[in-house]
Participant: 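So that we are looking at the same thing, I have put the structure below in structure tokens.
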Amino acid sequence: MLPAASALSGAKGNDSKEEISLQRPWGARWTEVLARDGCTTVPLGHCSTGNGPSTEHELRGLGTLKGAGLAGMASGPMSSADSSSLSTPEELLDTFDSALGRHDDSSSLGSDSELNGAAPYRQTDRYGFLGASGAQDGPAQPPVELVRHRENRWLEMTSHWEKAMARRYKKVKVLCRKGIPSSMRARCWPLLCGGQASMTRNQGKYKELEQSPGDPQWLETIEKDIHRQFPFHEMFLSPEGHGQRGLLQLLKAYTVYRPREGYCQAQGPVAAVLLMHMPAEQAFWCLVQISERYLPGYYSPEMEAVLLDGEVFMALLRRVCPKAYKHLQKHDVGPLLYVTEWFLCLYSRTLPFPTVLRIWDAFLSEGVKVLFRVGLVLVRLALGSSEKLRDCTGVVETLEKLRSIPARLLQEDTFMAEVYDVAVSDRDVERECQSQLAKLCKVRPDFGYRPEQRLPNAKAVFDAQQLEDAQQPEKDKHPAPTFLIPEIVVDPPPPLLKEQRRLEKERLKEQRRQEQERHQQEEVQRRQEEAAAEKQARKKKPPGRKKPDTRGKTFHMAQHPMLSPAQGGGKGEEPGPAKRNSAPYLETYF
């Protein structure tokens, strides 16, 4: 078997490899290298620049598969043994077309919740998708009292949004995990992603972009893709309806706003979901925030961020679900074959629509780690056990297994509970990004994407916007928003904060040292004054009776009786000391 050419290194194969340029549903041009060695055909993906208009030839074969690459082979899966009998790439493409059933348009129908079978015309579910009935409208809804309670909490929080984000972001995250009420998403999503602040700061900018003629090449490409975005939703039924017209104007405005990036087909379903919930101007600024703050580099012509995140996903999968990781490595199923559509479209074309909305609630609050967690759960549900891997004997079967996860496992409450239980944090994602980036830079020295451009969550987006507003001149500051939000003045951090802290510590240390020296001098001076006073007092005091020095002397003691005058004491004798008559006294000689 010939060794498979690496998608990261971009190395060319030998003479037996043939390259076919294909247009992916997400708008970037990829290269499928079909390596044949007698009995094996291995499809590989390689990213190249350019996401311009697609041609009919480029949309043939693998390019029309729903999902990333081969993920859309729902009917008639082809095993690796069958593919070995194909002698030419043309036969292989014909076989892929027959497996697809020529469902070119069905590859972009959107969420699986739209495919509910035949139903009465114009009967929609609670999200606006046609062909649904009351029995097919998903699981039981929460009680009305609980919904009203959650709505009141969100109303109160959004009325004091800056205070909530500055002091109670953890509470905001918890409420987003429980699910934002449907009636509040139009208000909460722009606040979470920063689209509301961007729209307020750029008053009239969207109308200016909307009135701009735009690039005819991008307009032609967008018009070809408009009918593919949720065609079973009542908002996008008619080509002349407000849904398709609004989506066309929104995507055209983005190509004028970011001419270097232009248009990427994956932005179509993202913008369509936003338009389902809010006006076109709000949806535009939310799309800008998602493309620049949450997923920078995803919709650029090079798509380097998607390439990096695919490697990060495999590194996380190796830790979270080793069995699925080994299986994917064994069959050379690269992450770009399935992760690309998941991440670029934010799962809007992959999962039931109620689950998609819950994922968006968490994604706009907690950032890109939610996309990794959801993908890890999907792979674990599809390939996490030996029984599930029993029938996966090749690339096609594995990708079909990833696409055909039972619907009961994708219900919003059950699925999101598993997503939140995945042990992947922002620090894990950042560490793996740095590790995989170092590997990619060794293989591709011209790799220009840096993950530091991406903000991890809504709190980081809020802080960045607050800092931008603080640094903005007073005359250019945006006016007050339409609904009351108390303003919080944020002072920019002083330059060289660490150096100032170090100088302040040295100043305090020097001050304490000087105080100690002053106290020591005062103590010495006080002691000197006390010694001088004591010496002066000693000079003024009269000398007292000196005690005899008795050291080394011999004591002689004699006893003399006390004589009264009657016993012989004459008048001429001096009287002795007054003693008691009855007691003798002792006389001491030296």
Side-chain angles (χ1 to χ4, degrees), residues 25-28 51 108 110 185-210 212 214-215 218-219 221-223 225-226 228-230 233 235-236 242-301 303 305-306 341-349 356-357 359-361 363-365 367-368 370-371 453-455 458 461 464-465:
W26 48 87
N51 57 351
S108 10
R185 284 193 174 100
R187 186 170 185 174
C188 296
W189 281 2
L191 289 173
L192 281 169
C193 69
Q196 181 69 34
S198 297
M199 184 181 69
T200 308
R201 189 185 302 120
N202 298 276
Q203 291 288 347
K205 182 67 174 178
Y206 178 72
K207 291 184 179 180
E208 178 185 342
L209 297 173
E210 191 178 21
S212 176
D215 189 345
W218 292 127
L219 283 176
T221 307
I222 294 171
E223 288 177 352
D225 295 333
I226 286 296
R228 301 182 179 183
Q229 312 306 332
F230 300 99
H233 193 278
M235 187 175 177
F236 303 101
H242 69 282
Q244 291 196 21
R245 292 294 94 190
L247 184 59
L248 173 63
Q249 294 298 326
L250 190 154
L251 295 174
K252 182 205 72 174
Y254 188 84
T255 61
V256 179
Y257 185 72
R258 290 288 181 264
R260 181 185 175 276
E261 294 185 6
Y263 165 69
C264 178
Q265 280 186 322
Q267 292 175 317
V270 175
V273 173
L274 293 172
L275 275 178
M276 293 178 193
H277 293 83
M278 62 192 71
E281 185 175 5
Q282 276 188 322
F284 170 78
W285 290 112
C286 289
L287 178 64
V288 170
Q289 290 295 109
I290 292 173
S291 302
E292 296 182 355
R293 303 280 191 174
Y294 288 84
L295 303 174
Y298 264 49
Y299 307 108
S300 64
M303 298 179 69
V306 183
E341 185 191 20
W342 291 354
F343 285 11
L344 283 172
C345 300
L346 304 182
Y347 298 95
S348 58
R349 292 163 50 105
V356 171
L357 296 180
I359 291 173
W360 280 46
D361 293 342
F363 167 71
L364 295 177
S365 171
V368 73
V370 175
L371 302 184
Q453 305 169 0
R454 178 165 58 195
L455 298 181
V461 175
Q465 289 185 336

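Everything numeric in this text was worked out from a predicted model, so none of it was measured.
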Participant: Check the angle between the aromatic planes of Phe343 and Tyr347 and answer parallel, tilted or perpendicular using the 30° and 60° thresholds.
Facilitator: perpendicular
Participant: What's the separation between atom CD in Glu208 and atom CG in Asn202, rounded to the nearest 0.5 Å?
Facilitator: 10.0 Å
Participant: Hey, does the side chain of Ser300 reach the backbone of Gly297 with a donor-acceptor pair shorter than 3.5 angstrom?
Facilitator: yes
Participant: Do any N or O atoms from the side chain of Trp360 and from the backbone of Leu346 form a donor-acceptor pair under 3.5 angstrom?
Facilitator: yes
Participant: Test salt bridge (Lys or Arg N to Asp or Glu O under 4.0 Å) on Lys207 and Glu281; report intermediate values, then the result.
Facilitator: CA-CA 8 Å; Lys207 291 184 179 180; Glu281 185 175 5; over 6 Å; no
Participant: Is any side-chain heavy atom of Met199 closer than 4.5 Å to a side-chain heavy atom of Pro190?
Facilitator: no
Participant: Looking at Glu292 and Gln289, would you say the former's side chain and the latter's main chain have a donor-acceptor pair under 3.5 Å?
Facilitator: no
Participant: Where do Tyr299 and Ala266 come nearest, in terms of heavy atoms and distance?
Facilitator: CE2-CB, 3.9 Å
Participant: With a 4.5 Å heavy-atom cut-off, do Leu251 and Ile226 have their side chains touching?
Facilitator: yes
Participant: Closest heavy-atom contact between Tyr254 and Ser291?
Facilitator: OH-CB, 3.3 Å
Participant: Working note: Met278 + Cys286, criterion side chain to side chain contact (heavy atoms under 4.5 Å, CB included); need CA distance, chi angles, decisive distance, verdict.
Facilitator: CA-CA 10 Å; Met278 62 192 71; Cys286 289; 3.8 Å; yes
Participant: Would you mind reporting whether Arg201 and Gln465 have side-chain heavy atoms less than 4.5 Å apart?
Facilitator: yes
Participant: In sequence, state the C-alpha distance, the side-chain angles, and the governing distance for Met303 and Leu344, and then conclude on side chain to side chain contact (heavy atoms under 4.5 Å, CB included).
Facilitator: CA-CA 10 Å; Met303 298 179 69; Leu344 283 172; 3.4 Å; yes
Participant: Do any N or O atoms from the side chain of Ser365 and from the backbone of Asp361 form a donor-acceptor pair under 3.5 angstrom?
Facilitator: no
Participant: Please answer whether the main-chain N or O of Ala272 pairs with a side-chain N or O of Gln229 as donor and acceptor at a distance below 3.5 Å.
Facilitator: no
Participant: Hey, are the side chains of His242 and Arg245 touching, using non-hydrogen atoms and a 4.5 Å cut-off?
Facilitator: no
Participant: Among Leu455, Val461, Val368, find the residue that satisfies the side-chain contact (heavy atoms from CB on, under 4.5 Å) test when tested with Tyr294.
Facilitator: Val461
Participant: Quick one: does Gln196's side chain get under 4.5 Å of Thr200's, heavy atoms only?
Facilitator: yes
Participant: Can you tell if the side chain of Tyr298 reaches within under 4.5 Å of the side chain of Val270, non-hydrogen atoms only?
Facilitator: no
Participant: Relative to each other, are the rings of Tyr257 and Trp285 parallel, tilted or perpendicular (30° and 60° limits)?
Facilitator: perpendicular
Participant: Taking atom CE of Met235 and atom CE of Met276, what is their separation to the nearest 0.5 Å?
Facilitator: 7.5 Å
Participant: If you compare all heavy atoms of Leu250 against all heavy atoms of Leu287, which two are closest, and at what distance to 0.1 Å?
Facilitator: CD2-CD2, 3.5 Å
Participant: Enter the distance from Gln249:CD to Glu210:CD here, rounded to the nearest 0.5 Å.
Facilitator: 5.0 Å
Participant: Can you find a heavy atom in the side chain of Arg228 that is under 4.5 Å from one in the side chain of Gln265?
Facilitator: yes
Participant: What pairs with Tyr206 under ring-ring contact (aromatic ring centres under 6.0 Å, His included), at least two apart in sequence or on another chain?
Facilitator: Phe284
Participant: Nearest 0.5 Å, what's the CD-CG distance between Glu223 and Leu248?
Facilitator: 5.5 Å
Participant: Quick one, Asp215 with Lys252, criterion salt bridge (Lys or Arg N to Asp or Glu O under 4.0 Å). Give me CA distance, side-chain angles, the key distance, then yes/no.
Facilitator: CA-CA 8 Å; Asp215 189 345; Lys252 182 205 72 174; over 6 Å; no
Participant: So does Thr255 get a backbone contact from the side chain of Glu261, meaning a donor-acceptor N/O pair under 3.5 Å?
Facilitator: no
Participant: Go through the steps for Leu364 and Val370 under the test side chain to side chain contact (heavy atoms under 4.5 Å, CB included), then give the verdict.
Facilitator: CA-CA 9 Å; Leu364 295 177; Val370 175; over 6 Å; no
Participant: Could you go through the side chain to side chain donor-acceptor pair (under 3.5 Å) check for Tyr263 and Asp225 one step at a time?
Facilitator: CA-CA 11 Å; Tyr263 165 69; Asp225 295 333; 3.1 Å; yes
Participant: Could you report the tightest heavy-atom contact between Leu275 and Ala280, atom names first, then the distance?
Facilitator: CD2-CA, 3.7 Å
Participant: Tell me, do Ser348 and Phe230 make a side-chain contact under 4.5 Å, heavy atoms counted?
Facilitator: yes
